[in-house]
Amino acid sequence: MKRLMLGNEAAARGLYEAGCSFVSSYPGTPSTEITEEAAKYAEIYAEWAPNEKVAMESAFGAALAGKRSFCGMKHVGLNVAADPLFTLSYTGVNGGMVIAVADDPGMHSSQNEQDSRHYAIAAKLPMLEPADSAEALAFTKLAFDLSETYDTPVMLKLCTRIAHSQSVVETSDRVEKATVAYEKKAQKYVMMPGNAIRRHPVVEQRTADLAAWAETAEINRVEAGSSDEIGIITSSTSYQYVKEALGDTYPVLKLGMVHPLPDEKIRTFAASVKNVVVVEELDPIIETHVKALGIPAKGKELFSILGEFSQNTVRKAFGLETPACKKLEENIPMRPPVMCAGCPHRGMYYALKKNKCTVIGDIGCYTLGAVAPLSTIDTTVCMGASVSGIHGFTKALGQEAPKTVAVIGDSTFMHSGVTGLINIAYNESVSTVCILDNSITGMTGHQQNPTTGINLKGDPCTKIDLEALVKAVGIRRVRVVDPYDIAACDAAIKEETAAPEPSVIISRRPCALLKTVKHPGPIVAEASKCVGCKACMKIGCPALSMKEGKVRVDATLCVGCGVCGQLCHTGALPTGKEA
C-alpha cells in the first residue's frame, strides 16, 4: 500500500516491518517522531530514556539478548552517547541494532551545526543516509540486515529536511525475527584491554568487508546524464537539490552509504566524466575522501560549509540563472522567538532579572529567557551544563562571585543535571540551582519524562520525586515556589543566593500549553487606569501590547496567569485572582 509519510514516520515504519522489538530514545528535534511513531505499534516496546547514553546502552542490552533494537537521537545527543558508541563498534551485536541520528543543518532547533558523519568514521561504523521517505523506510530495514550480517551496530543518518518532509512510500507487512540465542562470550563483549586489542583487527576487517559490499550495493547508484562535462557525487537532500535544479543534465553518483565509501565505484565514475563536483551539506567528508583517492574534484570552493542548501544554491554554483523570487508587498513585522503567553518560566525570570542575577542557562524552551525584554540568561552550552557550570563559576570566584543562579528544566535535570548537582553537594560549592519544573519535556513537543509519572505509551509509571532526589544527593536547602507568584520567586532568590550552602529552588507550574491544564481565561485591561508606564511590558508576554499609550490584552492569547497584574501599580491589569 502506498502512503504519504514524513521521513521520521517512514523510518518508524521500517522498524516495524523489520521486526524490531525494542526502542529506547531521548527526544530531540529533528529525530523525535521516529520513536513517537514506533510507539504506536503494539509489537514494539518503546520508551523514553533519561538521556541518549542510557538509550543506546539499553538498545545494546536488547540486541545482546537477541532482539532487533533501535535508539534515536539528534546530532548533539550523539555526543552524549559517544562513550558506548565507540565501544559497541568493538563488541559488535547479537540481534540487529540500528542507531538513528538526525542532523540539523541551518540550526533550526540546535546549538551547533555538527556533521555526524565524523562519528561514523571515527567509531568505524557503517552509516546509511536516505534521501527521501521511501529510502528512510528501506534503509532502516537494510540497516538491520547489515547489522546482523556484519556483526555491528549500523547508523542511519537523517537531517531536518528528510526527517520532516513527506514523500510517497510503499508499505509492507511486518516480518517477525526469531530471537538470536544469547551465548556467553567474554572475549567479545567484555572490553577490558586484553580483549579489546583482539577486537580491533575484527573492526578493521569488517570495515573492509563493508567497503567491498558498498561497491555493488544498489543504494550507491550511478544515474546517467546528457553531458559528461561534469559528474556529480552527492547524497541525502543535496541529491534532491541537484536533481531538481539540474535534472538529467549531468551524470550523478548518488551515495546511500556514506561510510565506508565505495572507492572503485568512485574511481570508475570519475573516469567517465571530465570534471567531478561533490555536492554535500556541511563538512567536506565525501570531497576529502575523493581527493584522497587522487581524483581532482571541486566542492567547498563552490558550496558553503555553512547551513542548508537549496535548488538555487545548486543553480548558482553551476552558473545558472535562478528564478526571480516573489516578494510580498506587505511589510510584515519581525516575529522574534518568545515564551508563550502564560509560560510558567516568565515570573521566575522576571525575579532573576530584578535581582540582577548572573544566570547560567541550559537547553530547553526556557532558553528563550535570553531574549529581550527579559534578557536574563548569560550562557547556554549543552544539556546539564548549567548545573556543572555554576559549580565551576562559584568555586573559581569564591566570595567575589556575583549573585548567580543556574536554571534547568525538569527533563533536562533528569537527563544530565543530577550528576552536576551531585558534584555541587560533594565538592561543596555555594551554588543555587533553580529547576524549572513544567511537568513535561517542552522543547521537543511535550514528551513525557521520569518526573511526569507517565511513560511513552501513555501508561502510569514511577514518578521521580524531585524534592526527595535533590535531598538524597546531599542538598539540605530545598524549596518549591509557584512561578506565577513573583513575590515568592523574589524571596526565594534573595534567601537562597544569600545562604552559605548549596540550595535548590523548584519552580513548579505545568506548561501552559498542556491539554490537561485549565486556565481561568483572559483578563480584561482597564484602560482608564493605565498610565502608560509600561511596567507590564517588562515580562515580554505576547498577549500584551501598547496602543495609543494604553495597555491592550489579546484575548486570543491571554490565559489569565496574572503575572502582569503583579507588576501593575495602578490596577489596570487584574492579578488573576480577581479573574
Could you report the tightest heavy-atom contact between [X] and [Y], atom names first, then the distance?
X	Y	answer
A18	K177	O-CG, 3.5 Å
M546	K534	CE-CG, 4.1 Å
Y484	G342	OH-O, 2.6 Å
L514	S439	CD1-O, 4.3 Å
V54	A49	CG1-CB, 4.0 Å
T140	G14	CG2-C, 3.8 Å

Just wondering, more than 12 heavy atoms not from [X] lying within 6.0 Å of its [atom1]?
X	atom1	value
Y182	OH	yes
K494	NZ	yes
E428	CD	no
K353	NZ	yes
K463	NZ	no

Side chains of [X] and [Y] in contact at under 4.5 Å (non-hydrogen atoms):
X	Y	value
V23	L15	yes
Y350	I486	yes
D485	Q566	yes
L436	C434	yes
S429	F393	no
D104	T29	no
K529	C568	no
Y119	V101	no

Side-chain ([X]) to main-chain ([Y]) donor-acceptor, under 3.5 angstrom:
X	Y	answer
T556	D554	no
Q448	G458	no
R476	P502	no
K403	I493	no
H75	N112	yes
S21	I44	no
N195	A186	yes
T87	P84	no
S386	V407	yes
K395	N427	yes

Q. Between D103 and S116, is a side-chain hydrogen bond (donor to acceptor under 3.5 Å, both in side chains) present by the stated rule, with each step listed?
A. CA-CA 7 Å; D103 285 6; S116 294; 2.5 Å; yes

Between the side chains of [X] and [Y], does any donor sit under 3.5 Å from an acceptor?
X	Y	result
T412	D362	no
Y26	T441	no
T432	T497	no
H415	E52	yes

Q: Please lay out, stage by stage, how V80 and M383 fare under the test side-chain contact (heavy atoms from CB on, under 4.5 Å).
A: CA-CA 9 Å; V80 179; M383 302 276 278; 5.7 Å; no

(Q) Assess the residue pair L125 and F86 against the criterion (side-chain contact (heavy atoms from CB on, under 4.5 Å)); give the C-alpha distance rounded to whole Å, side-chain angles, the decisive distance to 0.1 Å, and a yes or no. (A) CA-CA 9 Å; L125 288 172; F86 279 72; over 6 Å; no

Q.
Run the side-chain contact (heavy atoms from CB on, under 4.5 Å) test on L6 and E37 for me, step by step, so that the C-alpha distance in whole Å, both residues' side-chain angles and the decisive distance to 0.1 Å come before the verdict.
A. CA-CA 10 Å; L6 289 173; E37 291 297 323; over 6 Å; no

Atom pair [atom1]/[atom2] of [X] and [Y] - distance to nearest 0.5 Å:
X	Y	atom1	atom2	value
E308	R161	CD	CZ	4.0 Å
L456	E36	CG	CD	7.5 Å
C343	N438	SG	CG	7.5 Å
I360	T379	CD1	OG1	6.0 Å
K471	L469	NZ	CG	12.0 Å
I506	D482	CD1	CG	13.5 Å

Q.
Angle between ring planes, Y16 versus Y41, binned at 30° and 60°: parallel, tilted or perpendicular?
A. parallel

Q: Dump the intermediate steps for side-chain contact (heavy atoms from CB on, under 4.5 Å) on D437 and F413, then the final yes or no.
A: CA-CA 9 Å; D437 181 6; F413 181 75; over 6 Å; no

Q) Which is it for E43 and R174 under the salt bridge (charged side-chain N to carboxylate O under 4.0 Å, His left out) test, yes or no, and what are the steps along the way? A) CA-CA 9 Å; E43 297 88 345; R174 177 178 172 88; 5.3 Å; no

Q. Are any of the side-chain nitrogens in K457 or D459 under 4.0 Å away from the carboxylate oxygens of its partner?
A. no

Q: Please determine if E57 and K53 form a salt bridge, counting it only when a charged side-chain N lies under 4.0 Å from a carboxylate O.
A: yes

